[in-house]
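Structure, as C-alpha cells:
Proteins come first, then strands; the chains are lettered A, B, ... in the order of their sequence lines, and each starts at number 1.
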2 protein chains.
Amino acid sequence: MTDTPMPTKDRLIQTAANLFRTRGYHGVGLADVLTEAKAPKGSLYHHFPNGKSDLAMASATWASDEMLRLIAASFDGADTFEDGATTLCYKLAKLFDITGWDTCPIANTLFEGPDNDAFRAHAEHIYEGWINEVLDHAERLGLAEGEAKAKAENVFILIQGGWMLARARRNSDVLRNLRSMI
Amino acid sequence: MTDTPMPTKDRLIQTAANLFRTRGYHGVGLADVLTEAKAPKGSLYHHFPNGKSDLAMASATWASDEMLRLIAASFDGADTFEDGATTLCYKLAKLFDITGWDTCPIANTLFEGPDNDAFRAHAEHIYEGWINEVLDHAERLGLAEGEAKAKAENVFILIQGGWMLARARRNSDVLRNLRSMI
DNA sequence: GCGGGACTAGACCAATCGGTCTATTCGCGA
DNA sequence: TCGCGAATAGACCGATTGGTCTAGTCCCGC
C-alpha cells in the first residue's frame, strides 16, 4: 500500500488498533502486535513507556481520528442533516464489508483496560468528540439547537447499536437500514 | 441473598457471567472465577469439559435468560408498545445504576472468543431471541406485522447503543431518554 | 570523524494463563 | 452397609503474558 515505509511508532499504533478492534484489549498480546508490525520490543517501550496501556490509548485516538474524518466526509457534501446521516450509514456499511470491522474500535479497545477509569474517561472523551462533530453539522444544516443535540446523540446511539447487530449477523444491511430511524 | 447454597455449576455460571460482563472474555482468568465462586478447578472441568469456552457459552445463555425475563416483565403489564418499551428502558437504567452493568453481557462475553464463529453464532442466536421476544409483544399489542418487526429491531439497536454511551458517561439517563426515540 | 541522543534489537524474567491429572469425598440406590 | 458414579480438591504443567534491561546501531550537528 505505502511505498515509503511508515515510521515504527505509527506502524505500532495502526496494527495495534486493528488487532484491538477485532480481539479486544486483553485478547491481543504484545507479541502479536510486534510480529505484525515487524518491530522489536525495545521500540515499543521506547515510544510507549507505559507499554500496552499507552499503546491502547494511542490506538484509540488514531481510530477516533479516522472516524471523525469519516463523519466529516459524510456531512460535508450534504444538503440536509438526513442526507449526511444516511451517507454516514452507507459509508460505515461499506467499511464494514471491506475491512470486516467488527465492533466500535473504541469500545473493544478501552472498555476492558486494567486501570479502568483512565480508559473509560478516554472513551467518553472520544465519544463526545464524535457526537460534537455530528452536532456541528446538524447546526450548520439548519436544525434548531435542542433538536440538533438530540439528533446527534441519536445518530451516535443508532450507529453503536447497529454496529453490534451487524457484527452478530455478519450483515451490513443493518447499518444501511439505520437511515430510516433518523 | 440465598440461604440455601447454590449448586456449584450455577455458582460458576453466575460469577463467570458477572466477571465476563465487566472485564470481557480474555480479561477474566479462571483463577478469578474459581476464587469468587469458591470452587476448585476440578469442579469447573467436571461441569464444563471444554473449560473456559464452555463456561462462557453457558454464562451468556444465563445472562440472556435474565434479559428475556426483563423484557417480558416490562411488556406484560403494558397497554401499548410504547409503554412497554419505555418501561424496559427504565428497568434497564435502574439495573445499570444498581449493579453497575457495564455493557451488553453477551457482547463482552462472546465477541472476543477464540474459535470465533461458534461464539458469534451463539451471540446472534441470543440477540435474535431478544428481538423476537420484543416482536411478540409488539404484535400482541396491535402493531402491524411490518411495523412490529422494524420496531422490535429498533428497540434492540437503541438499547445496545444507549448501553454503550451510558457506560462511557457513567450515566443511566441515556437509557431513560431512549423512550423518546421509539 | 567524533560525540551523543534517538532508536532498534532481542535475551531474559517472574507471574499468570488455560488445561491436565490423580486422589479423595460425597450421596444415593441396592 | 456396601458400591459406584458424581463431584470436589488442588498439585502440577508447559506456554504465554507484559515488562525490564543491556548492547548495539543509526543519524545528525559540530
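The side chain of A/His46 places an N or O atom within less than 4.0 Å of a non-bridging phosphate oxygen (OP1 or OP2) of C/dC7. When the side-chain nitrogen and oxygen atoms of A/Ser43 are compared with OP1 and OP2 of C/dA9, none of them lie within a distance under 4.0 Å. One finds a side-chain N or O of B/Thr8 lying less than 4.0 angstrom from the OP1 or OP2 phosphate oxygen of D/dT8.
Nearest to the side-chain atoms of A/His47 among the listed nucleotides D/dT17, D/dG19, C/dT8 stands C/dT8. The side chain of B/Leu30 sits closest to C/dG18 out of C/dT8, C/dG18, D/dG18.
Distance B/Leu12 CG to C/dG19 P: 14 Å, rounded to the nearest Å. Here the C1' atom of nucleotide C/dG18 and the NZ atom of B/Lys52 are 8 Å apart, to the nearest Å. One atom, OH of A/Tyr45, and another, P of D/dG18, lie 8 Å apart when rounded to the nearest Å. What separates CG of A/Leu44 from P of C/dG10 is a distance of 14 Å, to the nearest Å. The distance between atom CG of B/Asn50 and atom P of C/dG19, rounded to the nearest whole Å, is 8 Å. Spacing between atom CG of A/Asp10 and atom P of C/dC7 amounts to 12 Å, rounded to whole angstrom units. Between B/Tyr25 atom OH and C/dG18 atom P there is a gap of 8 Å when expressed in whole angstrom units. Taking atom NE2 on A/His26 and atom P on D/dT16, their separation rounds to 19 Å, with Å as the unit.
Counting non-hydrogen atoms under 4.0 angstrom, A/Gly42 reaches a base of the nucleic acid. At the heavy-atom level, B/Val33 lies nowhere under 4.0 Å from the strands shown.
In terms of heavy atoms, A/Trp163 sits closest to A/Leu175 at N-CD2, 3.7 Å.
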**side-chain hydrogen bond (donor to acceptor under 3.5 Å, both in side chains) between B/Thr22 and B/Asp102, worked out** = CA-CA 6 Å; B/Thr22 51; B/Asp102 292 294; 4.7 Å; no

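Under the 6.0 Å distance and 45° angle rule, A/Arg167 counts as a cation-pi partner of B/Phe111. Cation-pi geometry between A/Lys9 and A/Phe48 is satisfied (NZ or CZ under 6.0 Å from the ring centre, within 45° of the ring normal). With B/Tyr25 as the aromatic partner, B/Lys52 meets the cation-pi criteria of under 6.0 angstrom to the ring centre and within 45 degrees of the ring axis.
Remark: the A/Lys41 side chain and the D/dG19 base include a donor-acceptor N/O pair separated by less than 3.5 Å.
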